[in-house]
Amino acid sequence: MALSLNLPTAAGTLASYALRGTAPVKPDAGVKFNRIAYSAAHVVADPLAAIDPWLQCAVDWDTTIAYRRHLFSLGLGVAEAMDTAQRGMGLDWPTSLELIRRSLDAAKDVPGALVASGCGTDHLNIDDVKSVDDVIRGYEEQMAAIEALGGKLIVMASRALARAAKSPADYERVYDRILSQAKQPVVLHWLGDMFDPALAGYWGTKDVDAAMDTAVGIIAAHPDKVDGIKISLLDKDKEIAMRRRLPKGVRMYTGDDFNYAELIAGDGFGSEITHGQSDALLGIFDAIAPAASAALGALAQGNTEKFHAILGPTVPLSRHIFAAPTRFYKTGVVFMAWLNGHQKHFTMVGGQQSTRSLQHFAELFRLADAANLLEQPELAVQRMKTLLALHGVEG
């Protein structure tokens, strides 16, 4: 008999739902990907810490690092201390640096494991930032700390820079300084304001095409210092247009959680392989890690049909998790980790588990089932019933 439970409907009533998904796909062992794929990974809060959750941060380090080992085991790299880890949204800089240190240590035990770490300016009091020189000093402080650990940098978009900059030239000045002194090629990070409203007008303009001109110009001035750029604009056409303009060898890391399957598969455009396909640096890969790994393995073996068959059903789930207000997507990512038994509780840094409705979680559950992503169906049903009971839905 199929597992079933009562779930809220869009009409505000309850209806019986029977699980219909099949067992999650398992990646083939030892397959090497032909794309670089980073999962921006979440952190697991410590629910037993005696703190004020909205004001203080407590991390369950053992479970957090165990999840990174899980991602490594699937062949995925870890983009550490990014917005998926609630960076600047509950996770402060001292805790972020400790997270980076522990992740890099864990990676040493896994041959070929990739870790790239978020470098930003979130330790600055934004009201004290008076000039782009203050922003530069902020970036340099975090750069020095991460590079001292041997870390590769993801130069994160800066709220402080978005506020302090007066023109595209200010962005050029900041990034020229940072890239000129980076010890190894970095990943640049362009996060749209749907992810963080404080980043509106990044690169000195609200015109996306003009902003792209500035970003491409900065990369072209330092091609040997830029591994790639991750853009999260949720606009596949803008991403494709930009990747076709990147200098030779510079990668486009898709951050498009709405269209990642087709962007990674690519269109074969151009003489440079990087102009016709995207690599990946995605928050959704945290929630769909086994499927992402299996799909990337199939793609590497030339089986594009299997790649789409595995990854395609995950796209509706991702679009739901990243639905507006998009900045609350972290809640869905952690909810998936809880459903699948990767952590014992559904508690988040900053109390962020409260940012989505029961309706949202019910639909997320249905979509995860449809995408064959419930790794332990009995456990997932039990935990969904626990959440329902907490909201007054019994039976």
Side-chain angles (χ1 to χ4, degrees), residues 39-68 70 78-103 117-118 120-127 142 156 159-160 191 195-199 283-284 286-287 320-362 364-365 379-380 382-393:
S39 169
H42 76 282
V43 294
V44 182
D46 180 357
L48 303 181
I51 61 168
D52 295 310
W54 281 24
L55 304 176
Q56 297 164 291
C57 176
V59 175
D60 177 342
W61 291 115
D62 290 344
T63 309
T64 293
I65 297 304
Y67 196 73
R68 279 131 180 88
H70 169 64
V78 169
E80 193 52 276
M82 302 292 289
D83 47 298
T84 305
Q86 297 179 240
R87 181 73 177 270
M89 294 164 255
L91 194 75
D92 58 25
W93 165 238
T95 311
S96 297
L97 185 59
E98 177 63 11
L99 176 61
I100 291 166
R101 184 188 69 78
R102 288 173 183 256
S103 248
S117 303
T121 62
D122 50 310
H123 62 296
L124 302 175
N125 182 336
I126 198 166
D127 291 329
Q142 292 199 11
M156 299 176 68
R159 293 173 181 172
L191 202 63
F195 287 89
D196 186 347
L199 296 176
I284 194 58
D286 183 294
H320 180 70
I321 287 176
F322 284 80
T326 302
R327 64 187 182 278
F328 295 145
Y329 79 87
K330 279 79 71 175
T331 303
V333 168
V334 176
F335 183 64
M336 282 292 295
W338 179 56
L339 287 181
N340 281 326
H342 294 291
Q343 55 193 79
K344 294 180 179 179
H345 59 83
F346 181 39
T347 303
M348 294 176 65
V349 170
Q352 290 277 308
Q353 69 274 6
S354 66
T355 64
R356 294 295 200 185
S357 69
L358 186 62
Q359 285 268 8
H360 180 90
F361 292 126
L364 193 160
F365 184 90
L379 178 64
Q382 174 192 328
R383 290 188 166 179
M384 188 70 216
K385 286 183 175 179
T386 297
L387 185 70
L388 289 163
L390 184 64
H391 288 77
V393 178

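The model shown is predicted, which means the values in this text are computed figures rather than measured ones.
- A heavy-atom distance below 4.5 Å is found between the side chains of Trp61 and Leu99.
- Here Glu80 contributes atom CD and Arg68 contributes atom CZ; the two are 4.0 Å apart, rounded to the nearest 0.5 Å.
- Across Ser117 and Ile100, no two heavy atoms sit closer than the pair OG-CG2, 3.4 Å.
- Between Val349 and Ala45, the shortest heavy-atom distance links the atoms N-CB, 3.6 Å.
- Here the closest non-hydrogen pair linking Val333 and Gly283 is CG2-O, 4.1 Å.
- Judged purely by atom type and a 3.5 angstrom limit, Arg383 has no side-chain atom pairing as donor or acceptor with the backbone of Asn340.
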Requested in this report: Determine, stepwise, if the pair Asp122 / Leu91 fulfils side-chain contact (heavy atoms from CB on, under 4.5 Å).
Outcome: CA-CA 10 Å; Asp122 50 310; Leu91 194 75; over 6 Å; no
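- His42 contributes no side-chain N or O that, together with a main-chain N or O of Lys330, makes up a donor-acceptor pair within less than 3.5 Å.
- The closest side-chain heavy-atom distance from Phe335 to Met384 is below 4.5 Å.
- No side-chain heavy atom of Val334 sits less than 4.5 Å from a side-chain heavy atom of Trp338.
- Taking OG1 of Thr121 as the start and CH2 of Trp93 as the end, the distance is 11.0 Å to the nearest 0.5 Å.
- Separating the CD atom in Gln353 from the CG atom in Leu390 is a distance of 9.5 Å, to the nearest 0.5 Å.
- Taking the side chain as every heavy atom from C-beta outward, Ser96 and His123 never approach each other to under 4.5 Å.
- Looking at every heavy atom in both residues, Met82 comes nearest to Ala40 through CB-CB, 4.5 Å.
- Counting only distance, with no hydrogens or angles, the side chain of Asp60 and the backbone of Thr63 share a donor-acceptor pair below 3.5 Å.
- Closest heavy-atom contact between Ala81 and Ala85: CA-CB, 4.1 Å.
- Remark: side-chain polar atoms of Asp196 are paired, donor with acceptor, to backbone N or O of Ala198 under 3.5 angstrom.
- Ser354 places a side-chain N or O within donor-acceptor distance of the main-chain N or O of Gly351, the cut-off being under 3.5 Å.
- Within the model, atoms CG of Asp286 and NE2 of His70 stand 8.5 Å from one another, a figure rounded to the nearest 0.5 Å.
- Note that the CD1 atom of Ile321 and the CZ atom of Arg356 stand 9.0 Å from one another [nearest 0.5 Å].
- Interatomic distance, Met336 CE to Phe365 CZ, rounded to the nearest 0.5 Å: 10.0 Å.
- When atom types are taken as modelled, the side chain of Gln352 and the backbone of Thr331 share no donor-acceptor pair closer than 3.5 angstrom.
- A donor-acceptor distance shorter than 3.5 angstrom exists from the side chain of Arg87 to the backbone of Gly118, with no hydrogens or angles considered.
- The minimum heavy-atom distance linking Thr326 with Phe322 is given by the pair OG1-O, 3.1 Å.
- In this structure the side chain of His345 reaches within 4.5 angstrom of the side chain of Val44, judged on heavy atoms.
- Checking side-chain atoms of Asp46 against main-chain N and O of Leu48 turns up a donor-acceptor pair under 3.5 Å.
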